[in-house]
Amino acid sequence: MTGSRAPGQRRPASAGWASYFTPADFVLPAFLVLAVALGGGGSPAPLPEMLLEWAALAMLAAVALLHPPTPPWPRLAVALAAALLLLPALQLIPLPPAIWRDLPGREIEAAAIDLTGAGDKWMPWSVSPPRTLAGLLALLVPAAAAVVAALASPRSRRYAIAAVALMALVSAAVGAGQLAGGAHSSLRFYASSHVENLTGFQANRNSEADVLLTGLFALAALAASQRFRQWRGAAIVFWAVAILLAGAVLLTASRAGIALLLVSIAVAALAMGYRHRARARSRAGLAVGATALAISAALAWMITTNPVLGRIGARFAVGSDPRPEIWRDTMYAIGQYWPWGSGIGTFVPVFVAAERLEAVDSSFPNRAHNDFLELTLEAGVAGLVVLAVIVGMLARCWAIRWRAAAAPQDRAELVFAAATLVLLAAHSIVDYPLRSMALATLAGAASGFILAPARHRGGAVSPGRVETKQP
């Protein structure tokens, strides 16, 4: 029959590259490349942030144009995006005086407005609407990434994972150039106090460590594919690149990144080798454990003999850390604005007003160094409810997709997504990785991978979307 092809039959040479690649396959990968390259500065770098926000809108427009006229938008991913954007949008709506004046923490503001004779003025929930608007626009980027990742074809998601691994390697190479060029290297794209460390495309070493570890997970997901395994030198390439990324993580001098490194290597190795039989998996587990012990011993020896690594090791010494003091003052500020919160993006003005005089020094407290505390301050109980709903939705969908996984590559994709989200959540306890738009976008894409409709064995998909097999 003309135009038909038997299962397993090779495509004719005349089919050309168009039978393997379509423009829609590269929308998500291209956006992730752009996000890692431009999204490392956060709010102190408004121009790259604005460009990335426009790129997110362009990505949504491209998806709408390249897909059918009425694309079957993934409902759960759209719900996640709406949950992210709804709260800051509500915080911008002007409220009558009878409501906003009774919100916790607004007493001084109300008294100041009374002095101007404008006591009947309508004011929004947020104490700083411009900052909340900036936060809303920033959240648009990971929300768009989640929707497009869930809508993308399996082939496009594989290319996206490859893009993450590639950008981690490029970021490590940029970081090597930064170390070679010193504190004033032209490869340092943002003003930073971490001029002695590898920061890549990020403004700080902690975010760069997360980019590199996420790249390690992406590398493992690629290594689980059948084509990669058919390559004779696959294991050598995997471990060579993994060691390179691990070395780059060490050179960031991020304590949390280094602490999570061995766990990340173990997760990546298991993700690559889970297809083996039980005995092989057991041997792989022993090999990973022995490798981790060997790396730990080697690092301990090098830290005592190498001056560069010695400076990194000194960061783990017991000493003064301002984080507990910041957390203490953040908790006090939370009590001032509980249960409604002060508004997304308002941490700085609220914290400065609540900071104890004995804790004030020359440093500037730009973040709470704990994203969960900062979310509680800015979004109150509503933010915690939204977070719990999102986590529950992701956990449930991950379990459903895991049981329905039709191919090893599907499970490797799920391991990548879960590992990325768990890594960022763990680091959020002592830092603020999701305030980097690059990492927030990677988290959005990982969420989209989990919320994508499950492909059951035999090619069926979950209700609500029609999906065709990719060649």
Side-chain angles (χ1 to χ4, degrees), residues 25-63 137-146 148-149 152 156-157 159-181 185-192 194-195 197-219 222 241 244-245 248-249 251-252 254 257 416 420 423-424 432-446 448:
D25 291 334
F26 294 97
V27 173
L28 178 62
F31 182 70
L32 293 182
V33 168
L34 200 62
V36 175
L38 295 180
S43 298
L47 180 58
E49 182 172 292
M50 182 181 67
L51 291 175
L52 196 55
E53 290 163 358
W54 280 107
L57 295 176
M59 176 180 64
L60 291 174
V63 168
L137 295 176
L139 285 171
L140 173 66
V141 179
V148 174
S156 179
R157 293 199 294 269
Y159 295 161
I161 292 174
V164 173
L166 174 64
M167 288 306 293
L169 286 171
V170 173
S171 190
V174 169
Q178 292 171 341
L179 295 179
S185 170
S186 59
L187 293 176
R188 294 193 181 275
F189 307 114
Y190 306 103
S192 173
H194 302 158
V195 293
N197 308 121
L198 186 152
T199 57
F201 291 112
Q202 301 296 302
N204 66 75
R205 57 193 169 205
N206 299 313
S207 296
E208 175 64 9
D210 289 334
V211 168
L212 296 170
L213 293 176
T214 303
L216 185 62
F217 298 145
L219 176 68
L222 293 175
V241 178
L244 187 153
L245 292 176
V249 172
L251 293 176
T252 65
S254 167
F416 161 77
T420 297
L423 166 72
L424 296 177
Y432 45 95
L434 293 177
R435 306 293 170 159
S436 160
M437 289 184 70
L439 292 172
T441 303
L442 293 178

Exercise for the section: Drop me the distance from Met59's CE to Leu32's CG, to the nearest 0.5 angstrom. Expected result: 8.0 Å
Handout entry: Partners meeting side chain to side chain donor-acceptor pair (under 3.5 Å) with Ser171 (sequence neighbours left out)
Key = Glu208
Completion exercise
Scanning both residues in full, the closest heavy-atom pair of Ser436 with Gly39 reads OG-O, 3.4 Å
Exercise for the section: Write down the atom of Leu245, the atom of Gly215, and the distance for their closest heavy-atom approach. Expected result: CD1-C, 4.0 Å
Problem - Side chain to side chain, Phe31 and Val148, heavy atoms closer than 4.5 Å - result: no
Problem - Donor on one side chain, acceptor on other, Ser254 and Asn206, under 3.5 Å - result: yes
Handout entry: Distance (rounded to the nearest 0.5 Å) between Thr252 OG1 and Leu179 CG
Key = 10.0 Å
Practice task
Search all heavy atoms of Ala440 against all heavy atoms of Pro142 and return the closest pair with its distance.
Solution key: O-CB, 3.2 Å
Handout entry: Val174 side chain reached by Phe201 side chain, heavy atoms, under 4.5 Å
Key = yes
Handout entry: CG-CG distance between Leu198 and Leu212, expressed to the nearest 0.5 angstrom
Key = 6.5 Å
Completion exercise
So CG of Leu52 and CG of Leu47: to nearest 0.5 Å the spacing works out to 11.5 Å
Practice task
Please tell me if the side chains of Phe217 and Val164 come closer than 4.5 Å, counting only heavy atoms from C-beta onward.
Solution key: no
Practice task
Return the minimal non-hydrogen interatomic distance between Ala138 and Glu49, and the atom names on each side.
Solution key: CB-OE2, 4.5 Å
Problem - Donor-acceptor contact below 3.5 Å, side chain Glu53 vs main chain Leu140 - result: no
Problem - Nearest heavy atoms of Gly257 and Ala209, plus distance in Å - result: CA-CB, 4.0 Å
Handout entry: Nearest-0.5 Å distance that lies between atom CG in Leu244 and atom CG in Leu219
Key = 10.5 Å
Exercise for the section: Using the side chain to side chain contact (heavy atoms under 4.5 Å, CB included) rule, take Tyr159 and Leu28 through it: C-alpha gap first, then chi angles, then the decisive distance, then the call. Expected result: CA-CA 8 Å; Tyr159 295 161; Leu28 178 62; over 6 Å; no
Fill in the blank from the handout: Note: Ala438 and Gly40 closest approach over all heavy atoms is CB-N, 4.3 Å
Practice task
Using modelled atom types only, decide if a donor and an acceptor are shared between the side chain of Ser207 and the backbone of Asn204 within a distance under 3.5 Å.
Solution key: no
Problem - Check against side chain to side chain contact (heavy atoms under 4.5 Å, CB included), Val211 and Met167 - result: CA-CA 9 Å; Val211 168; Met167 288 306 293; over 6 Å; no
Exercise for the section: Using atom types as modelled and distance alone, determine if a side-chain donor or acceptor of Thr214 lies under 3.5 Å from a backbone N or O of Asp210. Expected result: yes
Handout entry: Close side-chain approach of Phe189 and Thr199, heavy atoms under 4.5 Å
Key = no
Practice task
Can you measure from CG (Leu424) to CG (Leu442) and round to the nearest 0.5 angstrom?
Solution key: 7.5 Å
